[in-house]
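First up is the structure itself, then whatever we jot down about it.
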Amino acid sequence: MNKVILKDFWRSIKHTKGQFVSIMGLMMIGAFALVGLMVTGPDMRDTGNHYAQKLNTADLTVICNYGLDQKDTKKIKQTKGLQSVEFGYMTDTVIKNSRESFRIFSKPKSVGKYELRKGHLPVKTNEIALADYYSDKYKIGQNISFTEKKNVLGSTLLKRKNFKVTGFVRSSQILSNVNLGQSNSGTGELKGYAVVSPNAFNHTVYTVANLRYKDLRGLDSYGKVYTSKVKHHKKVLQDNLKNTAHQRQKRILSVANKKIAPQEKKIQQAEQKLQAASEQISSAEKQLILQKSKLNAQISQAETAGANLPQAARLQLQQAQQEIAAGEQKLKQEKKIFARKSARANNKIKSGKEEIRKAKKQLRKLALPSYSVYNRRELPGGEGNLVYTTVAQVVEDLAKVFPIFLYFVAALVTFTTMNRFIDEERINSGTMKALGYNDQVIINKFIAYGFISGTIGTILGVYLGHTLMPQIVYHAYYKSITIPPIELHFHWQISLIALILSWISSVLPAYLTAKNEFREKPAALLLPKPPAAGSKILLEKIPFIWNHLSFTHKVTARNIFRYKKRMLMTIFGVCGAATMLFAGFAVKNSITNMNNRQFNDLIHYNMIVAQKPGISSNQHKALNSKLKEDSIKSETPIYYESMSKTAGKTGDTQDITLIAPSSSKVLKNYVHLNNRKTKQTLHLSNNGVIISERLSTLLKVNKGDYISLTDKNNKSRKMKVTGITEMYMGHFIFMNKTQYQKIFNKRFTSNAYLVNLKNSTRKNTRKIAAQFMALNGVAGVVQNTAISQELDVVVKSLNLIMVVLIVVAGLLAIVIQYNLTNINIAERIRELSTIKVLGFYDNEVTMYIYRETILLTGIGILVGYLTGDLLYRYILYVVPPDNVMFNPALSVSSFLWPLGVIGIITIVLGFIVNKKLKDLDMLEALKSVD
């Protein structure tokens, strides 16, 4: 550009500041949404990956309910592709004099390390480091005590129960401090974790194995390649360990029998000793009787002899009598002592025999060992990892939709704006061409205009997208997930895409429109562009309607169809903003009502109390007594089991809650089963099972199809789906007794209770849960609050993202409306001046043009509802985590908010237009350029 062109270029920007800034604004909004949503997920992933690398987080974890013995560890070490494996200990305890359950881990050497936040890691057996979020409750140097239940083998894992706090840590595996998962202690909900020296545990068998694989190093642990490889390694490991379960059972029985054998021998020896003592007393008694008999015979002979018996013989007989009497007295005392000792010994023998009998009975009932292999998200306590992965995925899924829509709308409006700018510069451009300037030089001016405005806006959007959006998302979850602050990285690829899209939106229309315009000769360019030719419209051919319209309404109708391009731009622009507002508010409403719908309308029980296998009659009595207390509103016996199925985008193992009630009629008081679409109440039948809607979506099954689920013994169970029930959190399967017996091929017996409390507050629920957990006959308590807490973080994060997108959509609506209204006024300034000269009032002049805007805005909103619903349905399909279904029901507010937001913007702009037209210089506008 030479100086003249450059001077003219800057003058053009000065005179069209509104258009220049609006193009900047449109490109900034588009770039912010695109870059912000696109980079937040990768930034979260990078943060998580670097944290996992720093702490050497395990790829897979193996946990066995009976521990891992030497042969197990040897087999695990032989796994192909291992980089490293570390065995350790863990146990669930309760803080003394509280209901808070704590999972205590042994300090690792290299795999699954802990991030030290304060103090130092434990070295001595009496030292402990607590979870970081307990630093406000405990101080370094303070003592803490725990109570621990005996495990299935009848022993505790910790050598001691009292520890000295030496530091505070964060775990590489437990990332959530809101929902840490289930526990077999306390209230049934895990509240905290800690790490101690391995020497603090009884070294019998390991309880956990953490594995890292060579081919997974350097991979994005949230990516498809890593997920696929982990899935393969998990299957291989599961298959290897599956074959060792029977051998492990034999080894457990062998060890147990070896422990029982000495006890049996000891009892046998005690019985033999007792028998020998009894025989000894019996022998002494017999001997004494014999002596007494002999003496009696001698006395009888002496009495016969009478006076002839010598004095010495008489004395000898008296002495013998005294000795026998003394012997009898001694024997009597010995018998008393023996009776007491015998009673005690018999009690001990009886007690010992009873213990051995119970032990043998327990061994006969000993279930097959269960080897569970978990990835990072499935691990007990890994809920935080699951939530973090979900939030990152949600952001990325939204990035696939919203920015594309935004850019499409922004590009349309920018195209119109650039068209108008070229029209305004028409005479100026004709003058330049007449003066001999090359077409390309003049076109370059418009290209530069679009390039500079678009590039500045995009650079601002790229900067805000890289910094603001990740921070907004981070602040939605940082209090709930213990992970370092989000790392901000520059992503040049998406930044370049944003710039290219910006240039396509602002530079390409400028070039194409200008090139087309300058085909005309300078003489034609020096004249104003002729207005669009009027013609009959469809409405005129319907006299019944047309004849009843007023003059101004007829003008409005004709002008709408006369300026078709502007009509479409307004409809599309408003439609775009309304679409995003509608989808944003619909999603926000959907996630807000999930909790309320599930736990108020569908599920009416507060907890599931599961009893231990092989529960004794006394333990059963204690449990029944607790269930009959005043705090319990109602309860019903059920068969409860956690089944599983591999499904979902990441191929994780989904936990499925199986509930089979003793009485199908009573179930309706605890769970409301209904089809969400038809609103029909569902009933358990003998033909099949009822599954939750999200599970049916994941498994891609409908009513009448068959599904196979894995039970607790790792056996596949096939069942027919006869109903799909509305449910928003977790996966459920319901069946009656007949179906249970058919599917599991065994007699129905209840093993748990659905419990409804009189006071169902979260605090009281935890209190009652802890009381149930304290009973020896209770294996665990599942509280409803655990499921809802897990998703609070996801809901909060998504809510915040939707608020940002709603604000962006609102800003887009303002820019679009302002731009198109300004263009409308600028294009028809002579027409408006003419009707003002003809005597139209200011308000009439405003409504003359603004009536079209209101009508087209209304059409845009209506079309926006339709496209917004499609976008909303897509979000419902793509965004929710595997165990969550967003409520697809639309509320009235989802329709009212877009109408209200765009309506307010339209009204405010109406006042601005009114003021602008009031101050209009009619004579200047009507000056002829001929």
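Here the OG1 atom belonging to T579 is positioned 7.0 Å from the CG atom belonging to L871, to the nearest 0.5 angstrom. The line from CD of Q654 to CG of L695 is 8.0 Å long, rounded to the nearest 0.5 Å. Here the OG atom belonging to S171 is positioned 8.5 Å from the CG atom belonging to L379, to the nearest 0.5 angstrom. Atom CZ in R694 sits 7.0 Å away from atom NE2 in H731 (nearest 0.5 Å). N669 contributes atom CG, which lies 9.5 Å from atom NZ of K633 (distance to the nearest 0.5 angstrom). Here the CD1 atom belonging to I656 is positioned 4.5 Å from the CG atom belonging to L709, to the nearest 0.5 angstrom.
Looking at every heavy atom in both residues, V701 comes nearest to Y706 through CG1-O, 4.4 Å. Residue G864 comes nearest to A578 through the heavy atom pair CA-CB, 4.0 Å, listed as atom of the first residue, atom of the second, then distance. The nearest pair of heavy atoms linking V755 to L627 is CG2-CD2, 3.9 Å. When every heavy atom of R212 is checked against every heavy atom of D59, the shortest pair comes out as CA-OD2, 3.2 Å. In this structure, T765 and M607 approach most closely via the heavy-atom pair O-CE, 3.5 Å. Across every non-hydrogen atom of G868 and A583, the tightest pair is O-CB, 4.0 Å.
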Stepwise side chain to side chain donor-acceptor pair (under 3.5 Å) test for S894 and N589:
CA-CA 7 Å; S894 303; N589 178 70; 4.6 Å; no
Go through L658 and M735 one step at a time and tell me if the side-chain contact (heavy atoms from CB on, under 4.5 Å) criterion holds.
CA-CA 8 Å; L658 161 64; M735 62 179 73; 3.4 Å; yes
Can you check side-chain contact (heavy atoms from CB on, under 4.5 Å) on Y371 and D72, steps first, answer last?
CA-CA 10 Å; Y371 293 87; D72 288 332; 2.9 Å; yes
Assess the residue pair K668 and T681 against the criterion (side-chain contact (heavy atoms from CB on, under 4.5 Å)); give the C-alpha distance rounded to whole Å, side-chain angles, the decisive distance to 0.1 Å, and a yes or no.
CA-CA 10 Å; K668 64 182 180 183; T681 299; over 6 Å; no
Verify side-chain contact (heavy atoms from CB on, under 4.5 Å) between I483 and Y388, making sure each step is shown before the conclusion.
CA-CA 9 Å; I483 208 160; Y388 189 73; 3.8 Å; yes
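Between L211 and H233, the closest side-chain pair of non-hydrogen atoms is not below 4.5 Å. Taking 4.5 Å as the limit, every side-chain heavy atom of L682 sits out of range of all side-chain heavy atoms of F734. At a threshold of 4.5 Å between non-hydrogen side-chain atoms, the residues Q173 and N385 do not count as touching. Here the side chains of F744 and K715 are not in contact, with every heavy-atom distance at 4.5 Å or above. Under the 4.5 Å side-chain criterion, counting only non-hydrogen atoms from C-beta, I659 is in contact with I608. With contacts defined as side-chain heavy-atom distances shorter than 4.5 Å, the pair L684/Q739 does not qualify. Looking only at side-chain heavy atoms (C-beta outward), N375 and L60 come within less than 4.5 Å of each other. Contact annotation: the side chain of M90 approaches that of I63 to within less than 4.5 Å [non-hydrogen atoms, C-beta and beyond].
Using modelled atom types, no side-chain atom of S590 and backbone atom of A586 make a donor-acceptor pair closer than 3.5 Å. Of the possible polar contacts, one joining the N751 side chain to the Y640 backbone as a donor-acceptor pair under 3.5 Å is found. A distance-only check finds a donor-acceptor pair linking the side chain of T79 to the backbone of I76 [under 3.5 Å]. Between the side chain of R376 and the main chain of T57, a donor-acceptor pair closer than 3.5 Å is present. K645 places a side-chain N or O within donor-acceptor distance of the main-chain N or O of S708, the cut-off being under 3.5 Å. Put simply, the side chain of N675 never gets that close to the backbone of G723: no donor and acceptor are under 3.5 Å apart. Looking only at distances, no side-chain donor or acceptor of N210 sits under 3.5 Å from a matching main-chain atom of G112. Side-chain atoms of T722 come within 3.5 Å of backbone N or O of V689 as a donor-acceptor pair.
Residues meeting the side-chain hydrogen bond (donor to acceptor under 3.5 Å, both in side chains) test with R597, sequence neighbours left out: D601, E726. With sequence neighbours excluded, the residues satisfying ring-ring contact (aromatic ring centres under 6.0 Å, His included) with F895 are F582, Y865. The ring-ring contact (aromatic ring centres under 6.0 Å, His included) search around F748 returns Y740, not counting sequence neighbours. With sequence neighbours excluded, no residue forms a ring-ring contact (aromatic ring centres under 6.0 Å, His included) with H604. For the side-chain hydrogen bond (donor to acceptor under 3.5 Å, both in side chains) test, residues two or more places apart in sequence or in another chain that qualify with K235 are D239. By the side-chain hydrogen bond (donor to acceptor under 3.5 Å, both in side chains) test, T738 pairs with N686, sequence neighbours left out.
In K234, the NZ atom is crowded: over 12 heavy atoms of neighbouring residues, nucleotides or ligands sit closer than 6.0 Å. Q741 CD: more than 12 foreign heavy atoms inside a 6.0 Å radius.
Between Y605 and T636, the side chains place no donor N or O within less than 3.5 Å of an acceptor N or O (distance only, hydrogens not considered). Between the side chains of N736 and S664, no donor N or O sits under 3.5 Å from an acceptor N or O.
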